[in-house]
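Values in this document were obtained by computation on a predicted structure and should not be read as measured data.
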Amino acid sequence: MKEFDYYIFIDFSENLIGYNIISKEKLKELLPKISKFRHYKELKHKREYLNSTKKLFERDRIISYILKTKIKSVRHNLDIFIEVSEFIKKYDNCIIFISVDNFQYKAFRKIVNLVDGSKVDIVKESQLKKGSQEYQLSLIIDTQLNLTRRRNK
């Protein structure tokens, strides 16, 4: 299995888009804390899940394991893409894994090609293998987006 220096997850939920950047140093501590996370769309009891994960975020200080995170309105997706591109450019000596929501993949791919993403592996969110560490990590931003969306209603 290929090891990456940074893991970036870009996800989209209704009218929100966001990203998380996680360094490999935090993975061993973070993964056990998020083992109960599930993909929101697959859940029967969505409200209960969000209530319990909100408590988990607070109790286990999940955000403290994330190097950088941001959630914005989807109309600001270019801002998100630029911030991630600047991160890639700044850490051009690192190997970076990026998972992008299927709907945003094509546009984001074009932007990364402008920055020269030669040490960047970009995959569509749907290509993540269920149960893999990358899949589990992608559920963090998925959950954050759904918590934010619910809070904004």
Side-chain angles (χ1 to χ4, degrees), residues 1-13 15-40 50 52-105 107-152:
M1 187 165 100
K2 191 172 182 180
E3 194 169 288
F4 298 94
D5 298 308
Y6 294 98
Y7 295 81
I8 301 174
F9 299 91
I10 301 172
D11 202 2
F12 160 81
S13 178
N15 62 340
L16 296 173
I17 187 166
Y19 73 88
N20 284 338
I21 301 175
I22 304 167
S23 70
K24 73 177 177 185
E25 287 81 27
K26 299 290 185 175
L27 290 183
K28 285 185 180 173
E29 295 173 65
L30 179 59
L31 285 168
K33 295 179 184 300
I34 61 169
S35 63
K36 293 183 175 155
F37 281 19
R38 300 291 173 255
H39 201 276
Y40 187 75
L50 288 178
S52 67
T53 55
K54 181 180 178 187
K55 291 175 187 170
L56 187 84
F57 265 92
E58 293 166 1
R59 184 186 67 231
D60 291 343
R61 299 184 354 259
I62 302 295
I63 299 299
S64 68
Y65 294 94
I66 299 171
L67 181 64
K68 190 164 176 144
T69 186
K70 186 161 286 183
I71 294 175
K72 288 188 165 196
S73 169
V74 76
R75 66 178 189 264
H76 298 291
N77 67 340
L78 191 55
D79 294 344
I80 297 287
F81 292 172
I82 289 171
E83 285 183 35
V84 171
S85 298
E86 287 172 350
F87 181 87
I88 293 168
K89 203 170 169 181
K90 183 177 178 184
Y91 293 92
D92 65 343
N93 59 335
C94 296
I95 302 170
I96 300 174
F97 173 87
I98 303 176
S99 166
V100 182
D101 184 271
N102 292 10
F103 296 113
Q104 303 291 328
Y105 178 81
F108 182 75
R109 183 90 196 161
K110 289 177 184 176
I111 290 173
V112 169
N113 287 341
L114 293 174
V115 181
D116 180 34
S118 57
K119 291 188 176 184
V120 177
D121 280 5
I122 305 174
V123 300
K124 291 180 182 177
E125 184 180 21
S126 63
Q127 293 175 311
L128 295 176
K129 185 180 173 195
K130 199 169 188 173
S132 68
Q133 74 177 14
E134 290 84 3
Y135 179 83
Q136 271 315 113
L137 292 168
S138 76
L139 295 176
I140 298 172
I141 188 64
D142 180 69
T143 303
Q144 287 175 283
L145 287 167
N146 287 302
L147 285 168
T148 302
R149 188 171 42 79
R150 188 179 84 169
R151 187 175 50 235
N152 290 345

Hydrogens and angles aside, do Asn146 and Arg149 bring a side-chain donor and acceptor to less than 3.5 Å of each other?
yes
Where the side chain of Asn102 meets the backbone of Glu125, is there a donor-acceptor pair that is under 3.5 Å apart?
yes
NZ/Lys33 to NZ/Lys26 distance, rounded to the nearest 0.5 angstrom?
11.0 Å
Point-to-point distance, once rounded to the nearest 0.5 Å, from OG of Ser23 to CD1 of Ile96
11.5 Å
Report the distance from atom CG of Leu30 to atom CD1 of Ile22, rounding to the nearest 0.5 Å.
5.5 Å
Asp5 side chain vs Ile95 backbone, donor-acceptor pair below 3.5 Å:
yes
Sub-4.5 Å side-chain heavy-atom contact between Tyr135 and Lys129:
no
What I'd like to find out is whether the side chain of Tyr40 reaches to under 4.5 Å of the side chain of Leu145, using heavy atoms alone.
no
Residues 55-65, side-chain donor-acceptor partners within the protein, below 3.5 Å, at least two apart:
{"from": "Ser64", "atom 1": "OG", "to": "Arg61", "atom 2": "O", "distance (Å)": "2.5"}

Which distance, rounded to the nearest 0.5 Å, do you find between the CD of Gln144 and the CG of Asn20?
4.5 Å
Thr69 side chain to Tyr19 backbone, donor-acceptor under 3.5 Å
yes
Would one find more than 12 heavy atoms of other residues, nucleotides or ligands at under 6.0 Å from atom NZ of Lys54?
no
For the residue pair Tyr6 and Tyr91, does the interplanar ring angle fall in the parallel (under 30°), tilted (30 to 60°) or perpendicular (over 60°) class?
tilted
If you define the side chain from C-beta out and look only at heavy atoms, does anything of Asn77 sit under 4.5 Å from Phe12?
no
Within-4.5 Å side-chain heavy-atom neighbours: His39 and Leu139
yes
Has Ser73 got a side-chain atom pairing as donor or acceptor with His76's backbone, closer than 3.5 angstrom?
no
Do Phe103 and Ile17 have side chains that get closer than 4.5 Å, going by heavy atoms?
no
Is the Phe97 ring parallel, tilted or perpendicular to the Phe9 ring (thresholds 30°, 60°)?
tilted
Taking atom CG of Leu27 and atom CD of Gln136, what is their separation to the nearest 0.5 Å?
12.0 Å
side-chain hydrogen bond (donor to acceptor under 3.5 Å, both in side chains) against Asp101, all qualifying residues, sequence neighbours excluded:
none
Hey, what do you get for CD1 (Ile98) to OG (Ser85), rounding to the nearest 0.5 Å?
7.5 Å
Side-chain contact test, heavy atoms from C-beta onward, threshold under 4.5 Å: evaluate it for Ile141 versus Ile10 and give yes or no.
no
Within the structure provided, determine whether Leu31 and Leu137 are in side-chain contact (heavy-atom separation under 4.5 Å).
yes
